[in-house]
Chemist: 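Attaching a single structure in structure tokens format; questions to follow.
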Amino acid sequence: MLKGSTLKALDVRIVQRYIESSLVCCSCQHQIRPRNYINGIHRSYITFNDFRNKNRMYTKKELVGYSMEDMYSVVSDVSNYYKFVPYVTKSQVHSVDPGGGGFKADLIVGFPPLNEIYTSQVTLQPTRRVKSECHDGRLFNYLLNEWHFSPGLKDIPNSCVVDFRVAFQFKSLLHSNIANIFFDMICEQMENAFILEVNRRSGPPSIRSHVLKSRRS
């Protein structure tokens, strides 16, 4: 019986091979390695309650060696997501708010065995917040990606604190269980891709990144 026991997400060797073969930057074909995920995968477990839950959430607070402006510039550049965000094969912006408050974006996201085409409402607060919400997905009842940027260390202006949140609810329990296997991996890859893109545009970080808080549910 599954109830009352703790199970491995998958055979670790199989998942690790999948990760290593899939972490390739869309535009330059360089291998992307999440900072902590491959080593941490051995600690990834699924409990019985996970199989009955269609809701997923991942939050992370991290001090990074880039300014709020640097981070905001990349995260808000949704039209170019397909160039650097793993699994995003299309990102087209439209219905732009003339006042700069946001826009809508059509995205195609695919990671085996799931593929989703959806429209997100993106809300912007320059240099401080990027929020993307979808309520009309084919696989999702709800999908949220949210980034908050706040000042970092006082004596290092080129630093900031990043609060990153992903939350979603699948329509199907089956899809939820499949995605659960890769959930941590995908969240880590996404966040890592943005940091790498900031590095490409702005150069090396002023300090080494430090995870302040992380939670998955």
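When a residue number appears, it is its place in the shown sequence, counting from 1. Keep in mind it's a predicted model, so treat the numbers as computed, not measured. These numbers come from the heavy atoms of this one structure, side chains and all, not from hydrogens, waters or symmetry mates.
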Chemist: Any side-chain heavy atom of V162 sitting closer than 4.5 Å to one from F149?
Modeler: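 Counting from C-beta outward, V162 and F149 do come under 4.5 Å.
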Chemist: Should L107 and S120 count as side-chain neighbours, where that means a heavy-atom distance under 4.5 Å?
Modeler: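 Side-chain contact under 4.5 Å: yes.
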Chemist: Do V93 and L143 sit in one hydrophobic cluster, given that two such residues count as connected whenever their side-chain heavy atoms are within less than 4.5 Å of each other, even indirectly?
Modeler: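 Yes, because V93 and L143 connect within a single hydrophobic cluster, where side-chain heavy atoms sit under 4.5 Å apart.
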Chemist: Which pair of heavy atoms, one from P86 and one from Q189, lies closest together, and at what distance?
Modeler: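 Result for this residue pair: CB-OE1, 3.7 Å.
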Chemist: Under 4.5 Å between side-chain heavy atoms, hopping through other hydrophobics if needed: is there a path connecting V88 to I117?
Modeler: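 No; I117 is not reachable from V88 via cluster members.
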Chemist: Please check if the distance between the ring centroids of Y66 and Y72 is under 6.0 Å.
Modeler: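 Y66 vs Y72: aromatic centres not under 6.0 Å.
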Chemist: Relative to the ring of W147, is the ring of F164 parallel (under 30°), tilted (30 to 60°) or perpendicular (over 60°)?
Modeler: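 It falls in the tilted class, 30° to 60°.
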Chemist: Quick check on R128: does its CZ atom have over 12 non-hydrogen neighbours (other residues, nucleotides or ligands) under 6.0 Å away?
Modeler: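 Open.
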Chemist: Hey, are the side chains of M71 and V198 touching, using non-hydrogen atoms and a 4.5 Å cut-off?
Modeler: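 In short, these two side chains touch, coming nearer than 4.5 Å.
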Chemist: Kindly compute the distance separating CG (N145) from NZ (K131), expressed to the nearest 0.5 Å.
Modeler: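 The NZ atom of K131 is 11.5 Å from CG of N145, to the nearest 0.5 Å.
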Chemist: Just by distance, do the side chain of S206 and the backbone of N158 share a donor-acceptor pair under 3.5 Å?
Modeler: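 Pair found, side chain donor or acceptor close to backbone of N158.
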Chemist: Taking all heavy atoms of I207 and all of S159, pick out the closest pair and write down the distance.
Modeler: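 In terms of heavy atoms, the two residues are closest at CD1-CB, 4.2 Å.
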Chemist: Check this for me, if you would: do E197 and K83 make a salt bridge, where the nitrogen-to-carboxylate-oxygen distance has to be below 4.0 angstrom?
Modeler: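 Salt bridge absent between E197 and K83.
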Chemist: Kindly compute the distance separating CD (Q121) from CG (L144), expressed to the nearest 0.5 Å.
Modeler: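 Interatomic distance, Q121 CD to L144 CG, rounded to 0.5 Å: 12.5 Å.
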Chemist: Can you tell if the side chain of Y82 reaches within under 4.5 Å of the side chain of K90, non-hydrogen atoms only?
Modeler: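 No, their side chains stay 4.5 Å or more apart.
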Chemist: Looking at side-chain heavy atoms only, is the closest gap between M190 and Y58 below 4.5 Å?
Modeler: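 When only atoms from C-beta onward are counted, Y58 and M190 do not touch, as no gap falls below 4.5 Å.
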Chemist: If I take atom CG from residue N141 and atom CD from residue Q169, how far apart are they, to the nearest 0.5 angstrom?
Modeler: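 CD of Q169 is found 4.5 Å from CG of N141.
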Chemist: Any side-chain heavy-atom pair from K60 and E188 closer than 4.5 angstrom?
Modeler: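 K60 reaches E188 side chain to side chain.
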Chemist: Shortest non-hydrogen contact from G152 to L63?
Modeler: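 Distance-wise, the nearest heavy atoms are CA-CD1, 4.1 Å.
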Chemist: Quick check against the 3.5 Å criterion: does S95 have a side-chain atom that pairs as donor or acceptor with the backbone of F103?
Modeler: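 Pair absent, no side-chain N/O of S95 close to backbone of F103.
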Chemist: Could you pull out the closest heavy-atom pair between G100 and L124, with the gap in Å?
Modeler: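 G100 and L124 have their closest heavy atoms at O-CB, 4.0 Å.
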Chemist: Which atom pair, heavy atoms only, marks the closest approach of M68 to P151?
Modeler: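 Shortest heavy-atom contact: SD-N, 3.5 Å.
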Chemist: Describe, in one word, how the ring planes of F194 and Y81 are oriented to each other, choosing from parallel (under 30°), tilted (30 to 60°) and perpendicular (over 60°).
Modeler: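 If you compare the ring of F194 with that of Y81, the planes turn out perpendicular.
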Chemist: Using side-chain hydrogen bond (donor to acceptor under 3.5 Å, both in side chains) as the criterion, point out the one residue from R129, K213, K61 that pairs with D163.
Modeler: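 Between D163 and the candidates, side-chain hydrogen bond (donor to acceptor under 3.5 Å, both in side chains) is satisfied uniquely by K61.
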Chemist: Distance check, rounded to the nearest 0.5 Å: H210 atom NE2 versus L153 atom CG?
Modeler: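 Between atom NE2 of H210 and atom CG of L153 there are 8.0 Å.
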Chemist: Looking only at the side chains, is there a donor atom on one of E146 and H148 sitting less than 3.5 Å from an acceptor on the other?
Modeler: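 Short answer, yes.
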Chemist: With a 4.5 Å limit on heavy-atom distance, are the side chains of R200 and F84 in contact?
Modeler: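 No, their side chains stay 4.5 Å or more apart.
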Chemist: Using a 4.5 Å cut-off on heavy atoms from C-beta on, say whether the side chain of C160 contacts that of S67.
Modeler: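 S67 does not reach C160 side chain to side chain.
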Chemist: Considering non-hydrogen atoms only, spot the tightest contact between E62 and S209 and give its length.
Modeler: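 Scanning both residues, the minimum pair turns out to be OE2-CB, 3.2 Å.
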